[in-house]
**Q** 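Dropping a structure here in structure tokens format, bear with me for questions.
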Amino acid sequence: MTDLKTIRGMPDLYGENIEDISMVEKVCQKTFQSFNFQELRTPILENKSLFNRSVGESSEIMQKEVYEFKDRKDNLLCLRPEGTAGLVRALITNGLDNDEIKKLFYLGPMFRYERPQKGRKRQFFQAGVELIGDQSSDADIEIILIANTILEKLKIKSDLEINYLGNVENLKNYNDYLEKYLSETSDLPDYVMKNPIRALDSKDENIKNKMSKAKSITDFLNKDQSDEFFKIKSKLDEIGIKYKENVKLVRGLDYYNGLVFEFLSSDLGAQNAILGGGRYDGLIKKLGGRDLPATGFALGVDRLAEVVKASSQSKDLFIGCVDKESRTYAQTLGYKIRKENSSLIVENYLGNASVAKQLKKADSQGFKFAIIVGQDELKNKKVKLKNLKEDKPDLELKEKDLLEHFEC
RNA sequence: GUGGGUGUAGCUCAGUUGGUUAGAGCGCCGGUUUGUGGCACCGGAGGCCGAGGGUUCAAACCCCUUCAUCCACCCCA
């Protein structure tokens, strides 16, 4: 029966699970659009080399988390592990890397071969924005505003942490410094040896102790960079967005520089990052496009869905029927009512249960109103509208009045 | 990739030192009530006890393997 199993970390989603995810996606999409961001949808499959050059060949993700395979013509492909690289590639591929400022968003499944746990699946959903061509700190502020709006709409409590990485040289210098600083320590785990910057957010007590006396990236910034960071912070203050400066915040993808940030939720255990992003000014050029600044973020749709509970949508009208003759009329009524108001949820019950059962079903499924269509209704074109939520007498309505009752 | 927990009905879970036919609650279907809901009562369906192997007269239970899931490390959204 192995052929009937789902692939590890890629569950079928149904019921409440998909309701929550789908609701989060809708909120994201609406919010992006309200900031006048346009959708850009790229393929799930890309050449693996694209991610080697963007995410970084030495990064954890590319080292062991990519689903890669050869196609029938021996091209080395992979399932995308994140969204930014594909979107940047699309800009270059389609000649969109011009001077016009671009505000783009994406939404869809990503894949990483990791050990699954809460808030971490092998297929997971991300939504994100990229603001291309604007190097000002206002652009960084704009995307933080988007992030904040989404989290507010979803009523998710979270803490914003920010840090400033400077540019490639700062990072290199800081990395070199850490390498030297840590070289006195023995028993360093592999991941720290490979990339000393990883020691910053390590949970290992040994490393934590050692790092508490190390210099921070802030000490490696020049005056302009410190000023820029200061500017960003005062703008956040002015708007009234609370944040915590975290000099240990570094991000796992190689392309980040300048401002980086994360929104953290305490309700998710170890996978507490629900949204993260920052500036990636060098990436477009590195991938072969023009030298354009860019900033953006990605959020974990599944992770947000874990911490919100979607208020189950209330359903509007249950149309039952008592025999075959009346059923078609019942369907006609449903059809007309939905035309009158397309946002209504209207069930046309097509089974053979008794009237009592039908009403019970309507009630237990959370419908507000119910009508039962039978011979009388068919003959007189009149129905009794039952209010299932409040104890009120039935309304006897002609077809026209019924339609009016439900129009928007 | 490392360490640990858990897999029994659609869902949440009981199941005694290994002992006849594996249970409950919720949900589903039917009835009390053949055209009027919420409550109550009665009945029913639904299980290869995650999968494969082993020990035993006998395994949901013990052993091995494997898969899935959860927690932590790691990583990230």
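Here is the naming used below: chain letters follow the sequence lines, and residue numbers restart at 1 for every chain.
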**Q** Check every strand shown and say whether A/N352 touches a base, only sugar-phosphate, or nothing at a heavy-atom separation below 4.0 Å.
**A**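 A/N352: no heavy atom of the nucleic acid under 4.0 Å.
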**Q** Ignoring hydrogens and angles, state whether a donor on the side chain of A/D140 or A/T295 is under 3.5 Å from an acceptor on the partner side chain.
**A** yes
**Q** Flag the pair A/E60 and A/K64 as a salt bridge only when some basic side-chain nitrogen lies within less than 4.0 angstrom of an acidic carboxylate oxygen.
**A**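 A/K64 and A/E60: salt-bridged.
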**Q** Please encode protein proximity along nucleotides 72-77 of chain B as a string of B, S and -, counting only heavy-atom distances under 4.0 Å.
**A** BBBBBB
**Q** Measuring only the C1' atom in each nucleotide, how far is B/G25 from B/C67? A whole number of Å is fine.
**A**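 Those two atoms are separated by 30 Å.
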**Q** For A/Y329 and A/E399, does a side-chain donor sit closer than 3.5 Å to a side-chain acceptor?
**A**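 Short answer, yes.
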**Q** Any side-chain heavy-atom pair from A/K386 and A/L359 closer than 4.5 angstrom?
**A**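 Yes; the side chains approach each other to less than 4.5 Å.
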**Q** B/G10 C1' sits how many Å from A/N17 CG, rounded?
**A**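 Answer to the nearest Å: 14 Å.
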**Q** Rounded to whole angstrom, note down the C1' distance from B/G4 over to B/U21.
**A** 38 Å
**Q** Walk me through whether A/K384 and A/E396 qualify under salt bridge (Lys or Arg N to Asp or Glu O under 4.0 Å).
**A** CA-CA 5 Å; A/K384 278 183 209 154; A/E396 195 152 2; 5.8 Å; no
**Q** When we call it a touch if two heavy atoms are under 4.0 Å apart, what does A/K361 touch: a base, just sugar-phosphate, or nothing?
**A** sugar-phosphate
**Q** Indicate yes or no: at least one non-hydrogen side-chain atom of A/L264 is less than 4.5 angstrom from one of A/S158.
**A**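 Counting from C-beta outward, A/L264 and A/S158 never come under 4.5 Å.
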**Q** Looking only at atom C1', what distance separates B/G5 and B/G52, rounded to whole Å?
**A**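 Result for the C1' pair: 23 Å, nearest Å.
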**Q** Does the plane of the ring in A/F35 sit parallel, tilted or perpendicular to the ring in A/F37? Use 30° and 60° as the thresholds.
**A** perpendicular
**Q** Strictly by Watson-Crick or wobble contacts shorter than 3.5 Å, is anything paired with B/A24, and which nucleotide is it?
**A**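 Checking every strand shown, B/A24 finds its partner in B/U12, with both distances under 3.5 Å.
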**Q** For B/C75, give its Watson-Crick or G-U wobble partner with both distances under 3.5 Å, or none.
**A** none
**Q** Any salt bridge between A/D316 and A/K368, counting N to O under 4.0 Å?
**A** yes
**Q** Rounded to the nearest 0.5 Å, how far does CD1 of A/I146 lie from CG of A/L151?
**A** 12.0 Å
**Q** Which is true for A/G9 with a 4.0 Å heavy-atom rule: it touches a base, it touches only sugar-phosphate, or it touches nothing?
**A** sugar-phosphate
**Q** Considering every strand shown, what is the Watson-Crick or G-U wobble mate of B/C49 when both distances are under 3.5 Å?
**A** none
**Q** Expressed as a whole number of angstroms, how long is the span from A/K360:NZ to B/C29:C1'?
**A**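 Whole-Å distance recorded here is 11 Å.
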**Q** With C1' as the reference atom in both, quote the distance from B/U32 to B/U69 in angstrom, rounded to an integer.
**A**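 Rounded to whole Å, the distance is 43 Å.
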**Q** When you measure from the centre of the six-membered ring of A/Y181, is the NZ or CZ of A/K210 closer than 6.0 Å and no more than 45° off the axis?
**A** yes
**Q** Paired with B/U6: which nucleotide, if any, by Watson-Crick or G-U wobble criteria at under 3.5 Å for both distances?
**A**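 WC or wobble partner is B/A68.
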**Q** Please list, for nucleotides 32-35 of chain B, all pairs of protein and nucleotide N/O atoms separated by less than 3.5 Å.
**A**
residue : atom : partner : partner atom : Å
B/G35   : O6   : A/Q375  : N            : 2.8
B/G35   : N1   : A/E377  : OE1          : 3.0
B/G35   : N2   : A/E377  : OE2          : 2.6

**Q** Taking the same atom, P, in B/C13 and in B/G53, what whole-Å distance lies between them?
**A** 29 Å
**Q** Expressed in whole Å, how much space separates the P atoms belonging to B/U36 and B/G31?
**A** 14 Å
